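Bear in mind the structure is a predicted one, so any value in this text is a computation, not a measurement.
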Amino acid sequence: MNIQVLPDHKLSSIAPLKPYNNVEKRDVELILVKDHNGVQYTSSSIIPSPNSHACPSRPAEDEARETWGKKIDFLLSVIGFAVDLANVWRFPYLCYKNGGGAFLIPYILFLVIAGMPLFYMELALGQYNREGAATVWKICPVFKGVGYTVIIIALYVGFYYNVIIAWSLYYLFSSFTSELPWLKCGNSWNSINCTDPELLNGSFLGNGTSYSKYKFTPAAEFYERGVLHLHESKGIQDLGLPRWQLTLCLVVVVFILYFSLWKGVKSSGKVVYITATMPYVVLFVLLIRGITLPGAMDGIKAYLHIDFKQLNNPTVWIDAATQIFYSLGAGFGVLIAFASYNKFDNNCYRDALLTSTINCVTSFFSGFAIFSVLGYMAFKHDVKIEDVATEGAGLVFIIYPEAISTLPGSTLWAIVFFIMLLTLGIDSSMGGMEAVITGLTDDFKILKRNRKLFTFATAFGTFLVALFCITNGGIYVLTLLDTYAAGTSILFGVLVEAIGVSWFYGVDRFSEDIERMMGFKPGLYWRLCWKFVSPAFLLFVVIASIVTSTGVRYDDYIFPRWSNVVGWAIAMSSMLFVPFYAVYKFLSVPGTLKERIAYCITPEHEHHLVAEGNIRQFKLKHWLAI
């Protein structure tokens, strides 16, 4: 055991404890460090000086909180969470569709003025308070409901995200054959309309159907008929039973998640050594292979072409804003949870810049690996790039696998590709589940004492709900969840979070917290972004998402009206935690109307100031401070 006395400038970082017997009050901080299986546990406290209540302080922790074994564990966990399937299946297509290189202008702009500041804010918030997404709101108790909102959303996303990982696993198992099952027609799942890809070319598809939308290729039929069994469902009202093959894959995914998370960051911090680095190795290998294919350069040129006229289209700016937001993963409670296991003096500013930049560079880099192969597909079938370019599941489960199946050594390439999809998905799903577990175990101590059991219950719960997504009509349930569970609701949650931190808690006080951790205050740029730019950006994205939303659909299938009502009910079920908890908090605290409001918006460790009538939020200076 190691006892270290820190210098005076770090003293204010820990809240006062009550004097014990007749011990003399001293301005010192003791940090107890205990090594256990390579993981450090730290617990800190301070014995206050008589004037210590005069400055804001970080509340002492009742119990030791584990920290990451190594700094790299944290960095890889954040990168692994932020870099997910959307970096591969969404960004490259958005970039191509919205003006190629010109799309990078609004994308980088929103990264710098909103993405990075929000990313930095969440890391600092979690690291300073050392709490999950709910209990971190001891800084402004009335906003605790937003913590529950993001936890519920992270749970909802786990319901269907694990299914996409299960599909990847099913494709991986199906790839262990000498001839890939989606190469030719004539299989048990194929329809009589199945068409050999060799026969498909520009003249055959001259009826206005793009190649990427043609449903009768072996690859398209393997996905929709062999994997999803979509042809056996008439719609979302006709689900059927879960398919046993996908159920087994889902069981494997849930077991991987459980054993990655059951011991907290001690176990998950090691898993990401594989899951966070593997996609980079595979992407590089796929890129090298891709650029050697005929037509590859045409694909890359199409990806990088610059069309500045597209910047006059508001849709391009909306796409850039929503992509940067979802890509970085702010608002799911994951960054707060991960950062809460950092050492108190960790430089989270540098971490925020590094990891958010790596995430965005990865998105751009993956476009070369994707479009080199799309160029090859366009060349092979004598069609334009726009006819094969697509996004989402159609890209990674139909178009790309079909391209791989035509290459020499196709089995190896397929195995490598689907291992990449598997690792891209696993660590992102781990992050979401860790946000749920950390958020609730920090709030309910009985769950913390039984973390392994609670982790199992969470994993098993997501498995049970996910069974609805692997029925014959499961893709409709998945599409509904994907549209509503983390759409407007997560944007609303982060908007409230940004207002709570920047306005109610105060940018100036938040900056002082950061100075206590790292020894320097955030610059004026960051403070202005937190107070004005980020909330305005989020408000813009929220409004844009509502204005541009249409009824949910899957290809040509239009969902019935009742399913949209169910979707909005799912979205509201998380958002309503914000007003409901605010009302509950207001009614549960004592005092007059003014005192109740004061208790709701004053940090918990400053509640004694409310009784004294010294409430900074009731002063104009608080609201004008930057």
[Y]/[X] salt bridge by N-O under 4.0 Å criterion:
| X | Y | value |
| --- | --- | --- |
| E434 | R451 | yes |
| D351 | K71 | yes |
| K448 | D443 | no |

Crowded around F460 CZ? As in, over 12 foreign heavy atoms under 6.0 Å?
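No.
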Do other residues, nucleotides or ligands put more than 12 heavy atoms under 6.0 Å from the CD1 atom of I446?
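At most 12 heavy atoms, drawn from other residues, nucleotides or ligands, come within 6.0 Å of this atom.
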Any side-chain heavy-atom pair of [X] and [Y] under 4.5 Å:
| X | Y | value |
| --- | --- | --- |
| F143 | V496 | yes |
| S327 | N87 | yes |
| S340 | T438 | yes |
| V146 | Y581 | no |

Check against ring-ring contact (aromatic ring centres under 6.0 Å, His included), F510 and W503:
CA-CA 10 Å; F510 184 55; W503 288 88; over 10 Å; no
Do the rings of [X] and [Y] sit parallel, tilted or perpendicular, given the 30° and 60° boundaries?
| X | Y | answer |
| --- | --- | --- |
| Y400 | F417 | parallel |
| F368 | F364 | perpendicular |
| Y96 | F371 | tilted |

Hey, would you say the Y107 and F91 ring centroids sit under 6.0 Å apart?
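Yes, they do, as the ring centres are separated by less than 6.0 Å.
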Can the ring centres of W68 and F338 be said to be less than 6.0 Å apart?
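Ring-ring flag for W68/F338: true, centres closer than 6.0 Å.
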About how many Å separate CG of L85 and CD1 of I165, when rounded to the nearest 0.5 Å?
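The CG atom of L85 is 7.0 Å from CD1 of I165, to the nearest 0.5 Å.
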Looking at OH of Y258 and OG of S267, how far apart are the two atoms once the value is rounded to the nearest 0.5 Å?
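It comes to 9.5 Å.
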Run the side-chain contact (heavy atoms from CB on, under 4.5 Å) test against A414 and tell me which residues pass, sequence neighbours left out.
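For A414, the residues satisfying side-chain contact (heavy atoms from CB on, under 4.5 Å) (neighbours in sequence not counted) are S175, L180, W182, I404, F418.
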Using the salt bridge (Lys or Arg N to Asp or Glu O under 4.0 Å) rule, take R90 and E391 through it: C-alpha gap first, then chi angles, then the decisive distance, then the call.
CA-CA 5 Å; R90 182 156 171 77; E391 63 178 330; 2.8 Å; yes
One pair to check against ring-ring contact (aromatic ring centres under 6.0 Å, His included): W526 and Y349. What are the steps and the verdict?
CA-CA 11 Å; W526 296 103; Y349 170 64; 5.7 Å; yes
